[in-house]
Amino acid sequence: MAGHARRLDGIPPTIFTEMSALALSTGAINLGQGFPDVDGPAAVVEQAVDALRAGRNQYAPGPGIPELRAAIARHQYRHYGVTVDPAREVVVTTGATEGIAAALLGLVDPGDEVVVLEPYYDSYLAMIAFAGGVRRPVTLRAPEYRLDVDALRAAVNDRTRVLLINTPHNPTGTVLDRTELQAIADLAIERDLVVITDEVYEHLVFDGAEHLPLATLPGMFERTVTLSSAGKMFSFTGWKIGWATGPAHLIEAVLGAKQWLTFTSGSALQPAVAHALDHEAGFYDELAVTLQERRDLLCTGLASLDVDVRVPQGTYFALTDVRRLGWADGREFCLALPERAGVVAIPVQGFYDDQQAGQHLVRWAFCKEPEVIAAGLAQLQAADLRA
Ligand code: PMP
Ligand code: GLN
C-alpha cells in the first residue's frame, strides 16, 4: 500500500503535538505549546452554554452568524477605525488556522511566490505548499529580530503574489513598528501584491507598544486580508473561532476556499464570541498586564540560566539561544529537557529555511500561572542543562 500523498512530503508533523505529547508522557511542565492554563471569562462560557441549550446546534451560516460578523466589524471600528461591511467583508473561520489555509488556498495559484517572515508559524509552511505556492522567507535576525527592509524587497519578484505577515510575531515577540509596516505597505502597493496578515496576538502587547494593523495604512485595506482569533484574544484556544476581514473581493476568495474546508463550525460558540467582542474588552486589557508580569518572571529566570533571552514586545512567547549552554541544536536540547529538568519547550528550527539562523533557538510560553512558570524555572535552575 502506498503511504501518504506527495503533498505531505517535506512537511513534518506539527511540533506542538509532538512536544505536548512529550509533556504528557513525561509529566513535565509544559512551557511549550501556547495555550493559557486558565480559561477566558466565565460569562462567555455561560453564553455558550445558553446557546447550546437554546438549540443553536445545527449548521451556522457558512460565513458565520450575522451577530458575530457584526461584532467583529464593531471591534475593527472601535479599536482601529476600520469600517468593514459585516455582510461582505467578514468571514468567521475555524480558528485563525483555517483563516490561513483558506486565504492561501483562495489567493495563491500553483507557482505563485509567497514572501513570508521567518521564523514562520508552522501552518504557513504546510498551507503554502498545499496551495502549490513557493515560499520566500525573509529572516528576522537575532538579537533584535526586526524586519530587514532590503531583504524584504529583494525577496519580491514578478512571480510574487502574496506577502504573508504576522504581527505581533510568533515566536520572536516582535511587534512591527510603523516604519516597518510602511515599508511593507509601500512594497505591496508598488508591486500590486496581496497581503495576508496574521494578527491573532493583536491585544497582547507590552510596555506600551502599539499594535498597528496593516489594513489601517493608506492604500492597504483594499489589498489586505486580516486574520484574528478568539483563541488568543479571550483564552479559548480550544473553541477554534477565528475570523478574516478585508475588502469584499478578497474575502470572497477566502470564503470560496473556506466553504470546502469546514463549511462552518462552532454554532453555539459563535454567539458567545460575539458577546465577548462587545462586552469583554477588559479581559484582554487585563490579560496583557498579567502577561507582561509573567513575561518578566520567565525572562528574568531564563536569563539566569546562561541563555540569551529575547524579551518579547508582544505574544506570549520568549525566544532563547541555547548555544552558551553548549547546545548547537535546539531540538536536541528540547528532547533532553524533560528528563534533565521536567520541563517542555519548543525548538523553532522547523520554522526556518535558514538553519544557521534558527537551529539553536528555543521558545518558551508564559501564558501559564505564575506558580507554574516559577516551578518550571526552579526545576531548570536545579538541573544540569549543559550539553
Ligand atoms: N497564527 C499564529 C501566529 C498563532 O500563534 C496561532 C496559534 N494560535 C494561530 C495562528 C492559530 O490560531 P487558532 O488557534 O485560532 O487556529
Ligand atoms: N499557536 C500556539 C503556539 O504557537 C498553538 C499552536 C498549535 O497548537 N497549533 O504554541
Side-chain angles (χ1 to χ4, degrees), residues 11-24 30-37 39-40 64 68 72 91-104 116-128 140 145 164-176 196-205 211 213-214 225-245 254 258 261-262 265-266 269-270 273 276-277 284 287 291 312 314-319 334 344-348 350-351 361-368:
I11 303 179
T14 170
I15 191 72
F16 301 112
T17 301
E18 182 185 355
M19 289 295 153
S20 281
L22 189 63
L24 271 180
N30 193 351
L31 301 183
Q33 190 178 21
F35 59 90
D37 50 13
D39 287 347
L68 177 52
I72 293 164
V91 57
V92 177
T93 56
T94 305
T97 305
E98 191 192 37
I100 293 158
L104 289 166
V116 55
L117 302 183
E118 168 179 275
Y120 34 77
Y121 182 60
D122 65 350
S123 81
Y124 300 176
L125 175 145
M127 287 304 140
I128 293 168
L140 305 176
Y145 299 97
L164 176 50
I165 305 298
N166 170 215
T167 184
H169 183 262
N170 176 9
T172 65
T174 292
V175 178
L176 295 177
I196 300 171
T197 178
D198 176 344
E199 302 184 359
V200 296
Y201 299 101
E202 61 187 299
H203 295 303
L204 306 184
V205 295
H211 166 70
L214 259 168
V225 174
T226 304
L227 306 173
S228 196
S229 169
K232 307 294 152 168
M233 204 179 279
F234 296 110
S235 294
F236 289 121
T237 62
W239 284 18
K240 299 297 279 189
I241 302 289
W243 50 89
T245 55
V254 176
K258 181 249 161 18
L261 293 171
T262 56
S265 63
L269 304 176
Q270 290 191 25
V273 173
L277 283 165
Y284 46 72
L287 180 61
L291 279 174
T315 77
Y316 35 57
F317 306 113
L319 203 54
C334 288
V344 158
I346 299 283
V348 300
F351 305 173
L361 298 176
V362 171
R363 191 197 82 174
W364 313 76
F366 51 88
C367 47
K368 310 291 174 185

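As the structure lists them, so they are numbered: ligands from 1, and atoms in each ligand from 1.
For the 3.5 Å distance criterion, the side chains of T93 and K258 fail to qualify, holding no donor opposite an acceptor.
With hydrogens and angles disregarded, no donor-acceptor distance shorter than 3.5 Å links the side chain of E98 to the backbone of L261. R363 places a side-chain N or O within 3.5 Å of a backbone atom of G32 that can act as its donor or acceptor partner. A distance-only check finds no donor-acceptor pair linking the side chain of T174 to the backbone of H169 [under 3.5 Å].
Of the options V175, T167, T315, L291, a side chain to side chain contact (heavy atoms under 4.5 Å, CB included) to Y201 is made by T315 and by none of the others.
Between F16 and F351, the ring-plane angle classifies as tilted under the 30° and 60° cut-offs. A perpendicular orientation is assigned to the rings of Y121 and Y124, their planes being inclined by more than 60° (bins at 30° and 60°).
For ligand 2, the protein residues placed under 4.0 Å by at least one non-hydrogen atom are F16, Q33, G34, Y121, N170, Y201, K232, F317, R363. Near ligand 1, residues G95, A96, T97, I100, Y121, N166, N170, D198, V200, Y201, S229, K232, K240 each place a heavy atom inside the 4.0 Å sphere around the ligand atoms.
For the pair S20/E18, no side-chain contact is recorded, criterion being any heavy-atom separation below 4.5 Å from C-beta on.
Cation-pi check for K232 over F35 is not met; the charged atom does not lie both under 6.0 angstrom from the ring centroid and within 45 degrees of its normal.
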